[in-house]
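Below is one structure, written out as structure tokens; comments come after it.
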2 protein chains.
Amino acid sequence: MTGAPRAGTGTNQEAVRRHNLGTLLRHVHDSGEVSRAELTGRMGLNRSTIAGLVTELDELALIEHASPATGRRSAGRPSAGVRIREDGPYVVAVDLGVDRATVARVGLGGRVFDRATATIPPEPEAWQVGATIAGLVKQVVTTTGPDAALLGIGVAVPGLVRRSDGLIRHAPNLDWHDVSFGSIVLAALSLDVPIALGNDADLGALSEQRRGAAVGVGDLVYISGNVGVGAGVMSGGRRLEGVAGYAGEVGHLYHDPRGGPCHCGSRGCWETVVGAPAIAEALRCSADQVPRLGDILDEMSTAPRELRPIAMDLGRGLAAVVNIFNPSIVILGGYFLPLFRLCRAEVTAGLAERALVPARDSVRLTLPGLGKDSVLLGAAEMALEPVFVDPVASLAGAVTDASARLAG
Amino acid sequence: MTGAPRAGTGTNQEAVRRHNLGTLLRHVHDSGEVSRAELTGRMGLNRSTIAGLVTELDELALIEHASPATGRRSAGRPSAGVRIREDGPYVVAVDLGVDRATVARVGLGGRVFDRATATIPPEPEAWQVGATIAGLVKQVVTTTGPDAALLGIGVAVPGLVRRSDGLIRHAPNLDWHDVSFGSIVLAALSLDVPIALGNDADLGALSEQRRGAAVGVGDLVYISGNVGVGAGVMSGGRRLEGVAGYAGEVGHLYHDPRGGPCHCGSRGCWETVVGAPAIAEALRCSADQVPRLGDILDEMSTAPRELRPIAMDLGRGLAAVVNIFNPSIVILGGYFLPLFRLCRAEVTAGLAERALVPARDSVRLTLPGLGKDSVLLGAAEMALEPVFVDPVASLAGAVTDASARLAG
DNA sequence: CCCCGTTCGTTGTTCGCCACAACAATCCTC
DNA sequence: GAGGATTGTTGTGGCGAACAACGAACGGGG
């Protein structure tokens, strides 16, 4: 985060202001409420400089003053706090799941104000889903105050998303190929705001690093176990994207010679062994119960014997992930959340079987700190990103009367 | 590159100067000779600002003016060129190979002034190797001019290197565990300069991105095929390191159920199938000929039939790399260089067999642009890195009379 | 309860660095 | 050779962060 705008570019002094303003806002966003004294420490700037930045953000109606934190111990004048304004700008986050879509209005600062959910039929048309989501968006923005600005929309997609333009290259569960879903949603809303799309696992990693189980951790992997298996990777504090944004497709790592054929055309892919269909088959669920798999697993208190080999294979595959990325935390999302809860020992054993010792020693497996909201909140974080790069420009591109225009 | 000094830190205005000074120097370093007009374009700064920066670097004796490039076509006053000074500061690069060590004196700007090589006995003691390298270093710095400053030493190691302190955690070929090789070399030289250690594949990727086959490419993977197989990854223009620096260990990806046992304790690792021992066995070389394998492969003009399955497996394994990192270029180094030259079709076929279509479409397999010097020059680039972050500080920490002190 | 040391916010000033404008220096084209 | 175009140079201006000084708000000790 907070990298240079473009590699090799010189730094201008308005760039300095932009950067400092954005960084300060990011700190407030991350921490909820920060004292100005702490901001001077974290940012390494002078008190007076911080004061100037705070004043400007205050004038932009982004932040507000808070009374000094109570219950302090140290001597000296207490430092005044700064926090995000409740009626400040917000984003709309969309989690496009396999069988349902969730939409939430999320304020700068990470607070979820409203949320709405709708089911999605199997193999839907993109325009259908776009219309459904547009309806949900209208629902969640109705409660918006008149002054609040819509900064943008973030959409989490279970599939390959091209980073440059947000094109959905391939979403196997939805059976979509090369769908420009961002423009479909905007058209359904007849609105023109910044819209960003991202892979669900990538966004899970993002939110867990911001406000979940990996706060402050630079190197983490979020493994999303659904019908397919994907990984979102943050390395050195930045999202691993690859040239087109497809990085992290660990589901098709070769895993098991006895594995069945995979939709990718190959055989023995990891996700054929540990994906939702394999779990369902082990539990003797019928194929149409796969969408309910999460609930089924959630209700279990002990692991049935049939799950254990799958958990072992989960661990073995995680070993590859650990060897390759050397993260300090691996977060198990999707169906792997209940699976890991039930079979922690097997997963750990599988990991130990194949991971290299130095990498294994520095890694910790854990559950998502945000539970099932990781992906949704990651979409919000993605949509918020521009405001931390350039608050002024981002606000200039925001829509101020979104609730009115969407109601009409 | 050119990231913020630390994430979340504010930008100070001396930081601006540092950054601009370093970035300008990096451009000159990368391009060999640049016109000031081009610098204004690339860095997005004003002419007068560039002039000021150039003046300061000139006063630091880092760069010199060059006559305007001849044979131009455009109208207007020709822009004066800037280039690195010949007698400017330099670094010492060390490539610690399996059976030999190469040391070179490399100037800022990338020019290799002197080089020396020595063989290394099998399974050597660290202090032995340190003494050998110290001798080579003394050789290569003798020709140094009296004013030139030694900025630091960069060492490429075939093994796992901990990023925080440069500790060699494990180098299988050398049979080293937890060796603090940097201090050993410095002790043998009785010198105190910045010394940096890095994994050989990581450094191959670095130099290929700077001055090799992937100039300007942000996402690339350098695969180093030796006894083991490792990958150096650059993503978004930055080195993928992982929390401790072990990222990129792709050699132990599970590849083949029929594969033999691996020294890592597992079975069927990719490197047991495509590593040097496997190649040697396919060619019916005896084990003691493995160090000469490179020469043997180099002499071949057509591929013997026995190599083809290995090339297929190389391609299949590369598919995993491509799926995971989504690079735009994969560079095949080490023994994979001749192998790919001989069996390009098989490697490509293996890749096509398992790589996902979107990722495969955006990748190109290629040979190292720097040939066998990739790793060595990568070590030089690593050692030079600090001077691009803060030229003034880096020069302050340099040793000016290294040649005299090492001769005595 | 008062004094003192500590820490912090505020204000006015200074300093550093980049942008800008005007001018001089070249080069190309016609 | 005149004119246009591009660039280096120089002096000026403006912006933003650092700095110093002061007052404010707290804890602690007598």
Side-chain angles (χ1 to χ4, degrees), chain A residues 4-5 9-24 33-60 63-83 390-392, chain B residues 4-5 9-24 33-60 63-83 390-392:
Chain A
T9 309
T11 304
N12 188 323
Q13 66 189 20
E14 42 186 323
V16 171
R17 189 65 169 182
R18 268 201 305 271
H19 174 253
N20 287 349
L21 222 45
T23 305
L24 175 47
E33 184 171 327
V34 205
S35 74
R36 301 159 74 133
E38 201 173 339
L39 285 170
T40 66
R42 283 203 226 168
M43 294 182 62
L45 299 177
N46 193 284
R47 285 206 297 264
S48 54
T49 307
I50 296 292
L53 295 167
V54 166
T55 305
E56 184 163 348
L57 289 177
D58 188 40
E59 284 165 359
L60 289 170
I63 60 175
E64 61 189 8
H65 297 272
S67 48
T70 56
R72 293 168 43 263
R73 312 248 139 236
S74 63
R77 175 178 177 174
S79 185
V82 178
R83 65 164 165 250
D390 189 347
V392 178
Chain B
T9 308
T11 302
N12 186 322
Q13 64 190 18
E14 42 187 321
V16 170
R17 188 65 170 183
R18 267 202 305 271
H19 174 252
N20 287 349
L21 222 46
T23 305
L24 175 46
E33 185 171 326
V34 205
S35 74
R36 301 159 76 132
E38 201 174 338
L39 285 170
T40 66
R42 284 202 224 166
M43 293 184 62
L45 299 178
N46 193 284
R47 285 206 297 264
S48 55
T49 308
I50 296 291
L53 294 167
V54 165
T55 305
E56 185 163 349
L57 289 177
D58 188 39
E59 283 165 1
L60 288 171
I63 61 176
E64 61 188 8
H65 297 274
S67 48
T70 56
R72 292 168 45 264
R73 312 251 135 234
S74 64
R77 174 178 177 173
S79 186
V82 178
R83 66 163 166 251
D390 188 345
V392 179

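In what follows, chains are A, B, ... by sequence order, proteins preceding strands, each numbered from 1.
- At a cut-off of 3.5 angstrom, counting only N and O atoms as typed in the model, there is a donor on one side and an acceptor on the other between the side-chain of A:Gln13 and the base of D:dC15.
- Between A:Ser79 and the phosphate of C:dG9, there is a side-chain N or O to OP1/OP2 separation shorter than 4.0 Å.
- Taking the side-chain hydrogen bond (donor to acceptor under 3.5 Å, both in side chains) definition, one finds that B:Asn46 meets it with B:Ser48, sequence neighbours left out.
- Remark: P of C:dG16 and CZ of B:Arg18 are 15 Å apart, rounded to the nearest angstrom.
- Between the CD1 atom of B:Ile50 and the P atom of C:dC18 there is a distance of 9 Å, given to the nearest Å.
- Rounded to an integer number of Å, the gap from CG of B:Leu39 to P of D:dT7 is 12 Å.
- Residues A:Asp58 and A:His65 have side chains in contact (heavy-atom distance under 4.5 Å, counting atoms from C-beta outward).
- If you run side chain to side chain contact (heavy atoms under 4.5 Å, CB included) between A:Glu14 and each of A:Thr11, A:Asn12, A:Val16, only A:Asn12 comes through.
- At C:dC18, one or more side-chain N or O atoms of B:Asn20 fall inside 4.0 Å of OP1 or OP2 (strictly under the cut-off).
- The side chain to side chain contact (heavy atoms under 4.5 Å, CB included) search around B:Ala37 returns B:Ser35, B:Ser79, not counting sequence neighbours.
- Looking at residues two or more places apart in sequence or on another chain, you find a salt bridge (Lys or Arg N to Asp or Glu O under 4.0 Å) between B:Glu64 and B:Arg83.
- For B:Arg17 and D:dG16, the CZ to P distance is 19 Å, given to the nearest whole Å.
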Pairs under 3.5 angstrom, nitrogen or oxygen only, protein versus nucleotides 10-14 of chain C, please.
unit_1	atom_1	unit_2	atom_2	d
C:dT10	OP2	A:Arg36	NH2	2.7

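- For the pair B:Met43 and B:Asn20, the tightest heavy-atom approach, listed with the atom from each and the gap, is CE-O, 3.6 Å.
- Screening A:Val82, A:Thr55, A:Thr40 for a side chain to side chain contact (heavy atoms under 4.5 Å, CB included) involving A:Ile50 leaves a single residue, A:Thr40.
- What separates CG of A:Asn12 from C1' of D:dG16 is a distance of 12 Å, to the nearest Å.
- When rounded to the nearest whole Å, the span between CD of B:Glu56 and C1' of C:dG16 equals 12 Å.
- Qualifying side-chain hydrogen bond (donor to acceptor under 3.5 Å, both in side chains) partners for B:Gln13, counting only residues two or more places apart in sequence or in other chains: none.
- We find that CE of A:Met43 is positioned 14 Å from P of D:dG16, with the value rounded to whole Å.
- At least one side-chain heavy atom of A:Val34 sits less than 4.5 Å from a side-chain heavy atom of A:Arg42.
- Paired runs in DNA chain C that reach 3 or more consecutive Watson-Crick or G-U pairs, where each pair keeps both distances under 3.5 Å, cover C:1-30 with D:1-30.
- In this structure, of D:dA17, C:dA19, C:dC17, it is C:dA19 that holds the atom nearest to the side chain of B:Leu45.
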